[in-house]
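Since the model is a prediction, treat every value here as computed from it, not as a measurement.
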Amino acid sequence: MAPKSSLKSASKTSISNPGKRTSFSADLISKPKPIPKPAKEPEVISEKSEDSDAEDDEHLYGFSTDEDDSSDDDAVADEEVDIGRLPTVAKDDATVKRKLEKAKRHPTQDRGVIYMGCLPHGFYEDQLKGYLSQFGDVTRLRISRNKKTGRSKHYGFVEFDSASVAQIVAETMDNYLLMGHILKCKIIPKEKVHPELWVGANKKWKAIPRDQIVRKEHNKPRTQESMRKAEKRLIQRENERKRKLAEVGIKYDFDAVSYKKKLKTVAS
């Protein structure tokens, strides 16, 4: 009878020589080690929520620079949106309709100002005023635009004739999904309204054709004074090139390619 140690051994075919049988002990087979579970990271209480709220409050009442907005790089045509195809809010929502009726029965003398952010492409002054008119009378409106390109920065300010209506609009349109954009709408307190907030309000933006202006300036007829200045600049540049080449010992004849000043013709 074979010993117990021989029963534990198993035979295996050699890879280099298939005809040769090699034996090894089953005890030598290393069992796979269990994968250690990652240690739980300690929970960190973040204070971003409070900081972000504070930043939002500061952003609502001030003005951002042209570098704050990256939407001008979007290759999207500035096509205006037909607001007649958009769903209404004041007529469809019974709760909002009831609040507006109550606010109209008890109007306030103070006007209300709201901030609206994340405005979609094509939703500009006319579209924003026409869409928000379903809530009440819009007295003033201004969309922030880039000073160089004139494109929308996708946020603006709207003033209603009643502060109570403005409060209803801010509560209703905040986080409202419009054309794939989640709108951000906040009420601005009266004491926080910037004194220059409404500079350029209620004006439809008209794009300045800068390419046409530059083309017209370039193609306009030259005067004698402008031609004289251009000749002077060309001659100064050529003399400067001659001087630099002479300093390094290079001799080059500029007469064949240099600019020659026109001779004044004397009338006989």
[options] screened by side chain to side chain contact (heavy atoms under 4.5 Å, CB included) with [X], the one that passes:
X	options	result
Arg145	Glu125, Lys153, Arg151	Glu125
Phe135	Val96, Val158, Thr88	Val96
Tyr176	Thr172, Leu178, Asp174	Leu178

* To do: Not counting sequence neighbours, which residues clear salt bridge (charged side-chain N to carboxylate O under 4.0 Å, His left out) with Asp126? List them please.
  =>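 If we apply the salt bridge (charged side-chain N to carboxylate O under 4.0 Å, His left out) test to Asp126, skipping adjacent residues, the hits are Lys204.
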* Going by heavy atoms in the side chains, are Leu183 and Asn175 under 4.5 Å from each other? -> no
What do you reckon, is [atom1] of [X] surrounded by more than 12 foreign heavy atoms closer than 6.0 Å?
X	atom1	value
Leu245	CG	yes
Arg222	CZ	no
Gln236	CD	yes

* Between Ser152 (side chain) and His154 (backbone), is there a donor-acceptor pair under 3.5 Å? ->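 Here the side-chain-to-backbone pair exists.
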* With no hydrogens and no angle check, is any side-chain donor or acceptor of Arg142 less than 3.5 Å from a backbone partner on Gly200? ->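 Not confirmed, Arg142 side chain does not pair with Gly200 backbone.
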Might you point out which heavy atoms bring [X] and [Y] nearest each other, and give the distance in Å?
X	Y	value
Pro120	His181	CB-CD2, 3.6 Å
Met116	Cys185	CG-SG, 4.0 Å
Ser162	Thr108	OG-OG1, 3.0 Å

* Within residues 129-138 or reaching into it, pairs that qualify as side chain to side chain donor-acceptor pair (under 3.5 Å) - sequence neighbours excluded -> none
Distance from [X] atom [atom1] to [Y] atom [atom2], nearest 0.5 Å?
X	Y	atom1	atom2	answer
Ile188	Ile114	CD1	CD1	8.5 Å
Leu177	Cys118	CG	SG	11.5 Å
Arg215	Gln212	CZ	CD	6.0 Å
Gln224	Lys229	CD	NZ	13.0 Å
Arg243	Asn239	CZ	CG	10.0 Å
Ile187	Phe160	CD1	CZ	9.0 Å

* To do: Flag the pair Glu238 and Arg241 as a salt bridge only when some basic side-chain nitrogen lies within less than 4.0 angstrom of an acidic carboxylate oxygen.
  =>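 Judged by the 4.0 Å cut-off on N to carboxylate O distance, Glu238 and Arg241 do not form a salt bridge.
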* Determine, for Arg237 against Glu240, whether the closest basic-nitrogen to carboxylate-oxygen distance falls under 4.0 angstrom. => no
* Qualifying salt bridge (charged side-chain N to carboxylate O under 4.0 Å, His left out) pairs, either residue in residues 154-167, two or more places apart -> Arg111-Glu159, Arg140-Glu159
* Asked: Can Lys184 and Met173 be said to form a side chain to side chain contact (heavy atoms under 4.5 Å, CB included), step by step?
  -> CA-CA 7 Å; Lys184 298 297 179 182; Met173 300 304 296; over 6 Å; no
* Please work out whether the ring planes of Tyr155 and Tyr115 are parallel, tilted or perpendicular, with thresholds of 30° and 60°. => tilted
